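First comes the structure, then the notes that go with it.
From a predicted model like this one, the values you see are computed outputs, not experimental measurements.
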Amino acid sequence: KNIVTRAKSSANSLRYMAKERPDFLVPLQMAWEASDGNVDTLAKLHNFVNQSLGNIEKAFIDLQPEIPNQIVQGFWSNIYNSVLSAFSTPIKAFAGNAVLLVQKPISVFAGAAASGDMQTLKRASYQYLAITDTFGKALKHMGSVYSKAARDPSSVSYIMRDDLAAKNEATMDVLHSFARAAEKNGEDGPLVLYEMANTMQDIANNPWLRFGANAMTALDGFTRAALANIEARGRVYDKMIKNSFGPQLSAKDLIKAENEIYDGMFDKSGMITDKAVDYASREIALNLDTDNVKILSNLIARAPFLKPFLMFPRTADNMVGMVNKFSPVSVFIKDYNKLALPGMNFTGQQMKEILDARNIYYSNGDEMLIAFKNLRAEIRGRKAIGTASIVGAAFMFTQDRLTGNGHFDKERQRNRKQLGWKPRSYKGWDGKWYSYEGLGPMADFIAVTADIMDNSDTIDEPSFTSLMNKA
């Protein structure tokens, strides 16, 4: 009944516009289509245009975040381009991604070896040791992504989902049509505002000004392609090698099967859309949509004045989460500690829920068990790496070969800096100090350990022991 009522109301509005305000009929039709029928009257059309162009107060408080202001969006796009414009930015991002990408197989090997799981070790060897093939495909996809991002950022789903790109394009078309209709009626304001929004978007999409953002997107493409090839090899192992009791398959047949699965992970635009790969790559790129991120994003959407202080909430939250995953005891992740503990048993339903939450692929019960064992080995390996990092960092600090963020005592810290002290650094075998900042989340992990050790003279013994256990 509601649909019928809305349809009649929309039809009446269009008839009225065709008779009384014919110049605005086309803009209303376009807005109606772009908004899925929500903008169906002239009043709603005026509100849509005002929210999209005229209401600059939305840069501070936005009471209708479902209708973004195109001028404010263009402004922030250029701000982000400026923030990411340093040539060192993609290099640091690559270093962080590389560390987490390399630790993935190390974690699986370490976790499987610690539990004596030879089947998982064999599977991981097949998955991860085809280094030349994996890196070749990753570099090829990275180049393709950068080329597409430089020509048209909206064509790369890693930057913007296809539905959002189409919605933004439709919004600009509506605004342009409305501005031209208003111009015919002697109102030039909408066209001036439209040109401002369009110009800011053109500047923001300039490939030279977007170099940092495009380079980071291309690095994301590298990570996705590497993980896609690893995932494809894992699926081939599960289907064609693990349970193969007949004649051994030739290398040519295996490569053909791997390439077929790998190619099937791409959409028609050449982007990798496989859900398992998407989750794994977002985890490495510190780009997962967690509950905390969703809460912060909704808050910033309604209170944009917070954006200068929270420019990268997703990265910050994921960095804390990644450090937590490497911690000997993880907090706020209910299943993580259980997965790492030996002797803990899980039902089939529990395994399914854990794997589905991470979009991990399986097609039957046997593959579900294999995927669960692989995940468990990776989590155990991460905790082993985290524990080893704490022990190693503590030892290096006692040997005066490691620094953290510094001492809480400002006077002592000032004296240190005057003597050439450097934060987040380690002393190499040559006696020189080098930064470990490029280790991504692991850098925070090491720095926290060093900070606790550095400030231990101001902490009582029980508190010091407690902090080291939490590090």
For the student: nearest non-hydrogen atoms of [X] and [Y], plus distance:
{"X": "P90", "Y": "M216", "result": "CA-CG, 4.2 Å"}
{"X": "A218", "Y": "V145", "result": "CA-CG1, 3.9 Å"}
{"X": "A232", "Y": "Y262", "result": "CB-N, 3.9 Å"}
{"X": "R314", "Y": "V293", "result": "CA-CG2, 3.7 Å"}
{"X": "V156", "Y": "T217", "result": "CG1-CG2, 4.0 Å"}
{"X": "P207", "Y": "A150", "result": "CB-O, 3.5 Å"}

How long is the gap from [atom1] on [X] to [atom2] on [Y], to the nearest 0.5 Å?
{"X": "M311", "Y": "K307", "atom1": "CE", "atom2": "NZ", "value": "8.5 Å"}
{"X": "L139", "Y": "S144", "atom1": "CG", "atom2": "OG", "value": "12.5 Å"}
{"X": "F48", "Y": "L53", "atom1": "CZ", "atom2": "CG", "value": "9.0 Å"}
{"X": "M265", "Y": "D274", "atom1": "CE", "atom2": "CG", "value": "4.5 Å"}
{"X": "N198", "Y": "I71", "atom1": "CG", "atom2": "CD1", "value": "11.0 Å"}
{"X": "N324", "Y": "F445", "atom1": "CG", "atom2": "CZ", "value": "9.0 Å"}

Side chains of [X] and [Y], donor plus acceptor under 3.5 Å:
{"X": "Q418", "Y": "R414", "result": "no"}
{"X": "R424", "Y": "N405", "result": "yes"}
{"X": "D238", "Y": "Y126", "result": "no"}
{"X": "N229", "Y": "T134", "result": "yes"}
{"X": "K137", "Y": "N259", "result": "yes"}
{"X": "K373", "Y": "Q119", "result": "no"}
{"X": "D117", "Y": "S115", "result": "no"}
{"X": "N55", "Y": "Q64", "result": "no"}
{"X": "D317", "Y": "T290", "result": "yes"}
{"X": "R151", "Y": "S147", "result": "yes"}

Side-chain heavy-atom pair [X], [Y] within 4.5 angstrom cut-off:
{"X": "L63", "Y": "I61", "answer": "yes"}
{"X": "M319", "Y": "D444", "answer": "yes"}
{"X": "L299", "Y": "I295", "answer": "no"}
{"X": "K432", "Y": "Y434", "answer": "yes"}
{"X": "Y128", "Y": "R233", "answer": "no"}
{"X": "S52", "Y": "I67", "answer": "yes"}
{"X": "K275", "Y": "Y361", "answer": "no"}
{"X": "F372", "Y": "I360", "answer": "no"}

Closer than 3.5 angstrom, by distance alone: can the side chain of [X] be matched with the main-chain N or O of [Y] as a donor-acceptor pair?
{"X": "S82", "Y": "N78", "value": "no"}
{"X": "Q350", "Y": "T347", "value": "yes"}
{"X": "N374", "Y": "I370", "value": "no"}
{"X": "Y146", "Y": "F211", "value": "no"}
{"X": "Q413", "Y": "H407", "value": "yes"}
{"X": "E378", "Y": "L375", "value": "no"}
{"X": "T120", "Y": "M118", "value": "no"}
{"X": "S327", "Y": "V323", "value": "no"}
{"X": "K104", "Y": "A280", "value": "no"}
{"X": "T89", "Y": "S85", "value": "no"}

>> Pair K427, L402 - check side-chain contact (heavy atoms from CB on, under 4.5 Å), show working.
In response: CA-CA 6 Å; K427 184 186 288 187; L402 186 75; over 6 Å; no

>> Among residues at least two apart in sequence or on other chains, which ones pass ring pair (Phe, Tyr, Trp, His ring centres under 6.0 Å) with F312?
In response: Y80

> Tell me, which pairs form a salt bridge (Lys or Arg N to Asp or Glu O under 4.0 Å) where one or both residues lie in residues 276-288, sequence neighbours left out?
Replying inline: R224-D278, D278-R282, E283-K325, E283-R382

Whether over 12 other heavy atoms sit under 6.0 Å from [X] [atom1]:
{"X": "F94", "atom1": "CZ", "answer": "no"}
{"X": "E353", "atom1": "CD", "answer": "yes"}
{"X": "D263", "atom1": "CG", "answer": "yes"}

>> In terms of relative ring orientation, are F266 and H141 parallel, tilted or perpendicular, with 30° and 60° separating the classes?
In response: perpendicular

>> Under the criterion side-chain contact (heavy atoms from CB on, under 4.5 Å), I'd like the reasoning laid out for F326 against Q103: C-alpha separation, chi angles, the key distance, then a yes or no.
In response: CA-CA 11 Å; F326 279 88; Q103 67 76 28; 3.2 Å; yes

>> Restricting to salt bridge (charged side-chain N to carboxylate O under 4.0 Å, His left out), what partner residues turn up for D409, sequence neighbours left out?
In response: none

> Which is it for R416 and D454 under the salt bridge (Lys or Arg N to Asp or Glu O under 4.0 Å) test, yes or no, and what are the steps along the way?
Replying inline: CA-CA 12 Å; R416 285 179 175 180; D454 195 12; 2.6 Å; yes

>> Apply side-chain contact (heavy atoms from CB on, under 4.5 Å) to residues N287 and N318 and explain how you reach the verdict.
In response: CA-CA 7 Å; N287 200 30; N318 276 262; 5.8 Å; no

> Checking side-chain contact (heavy atoms from CB on, under 4.5 Å) for the pair K92/E437: CA distance, chi angles, key distance, verdict?
Replying inline: CA-CA 9 Å; K92 291 179 179 178; E437 188 67 45; 5.8 Å; no

>> I need the single residue from N97, L101, L227 that forms a side-chain contact (heavy atoms from CB on, under 4.5 Å) with F222. Which is it?
In response: L101

>> Regarding K239 and E367, does a basic nitrogen lie under 4.0 Å from an acidic carboxylate oxygen?
In response: yes

> Is the F309-F305 ring centre distance short of 6.0 angstrom?
Replying inline: no

>> Do R401 and W433 form a cation-pi contact, if we require the NZ or CZ to be under 6.0 Å from the six-membered ring centre and within 45 degrees of the ring's axis?
In response: no

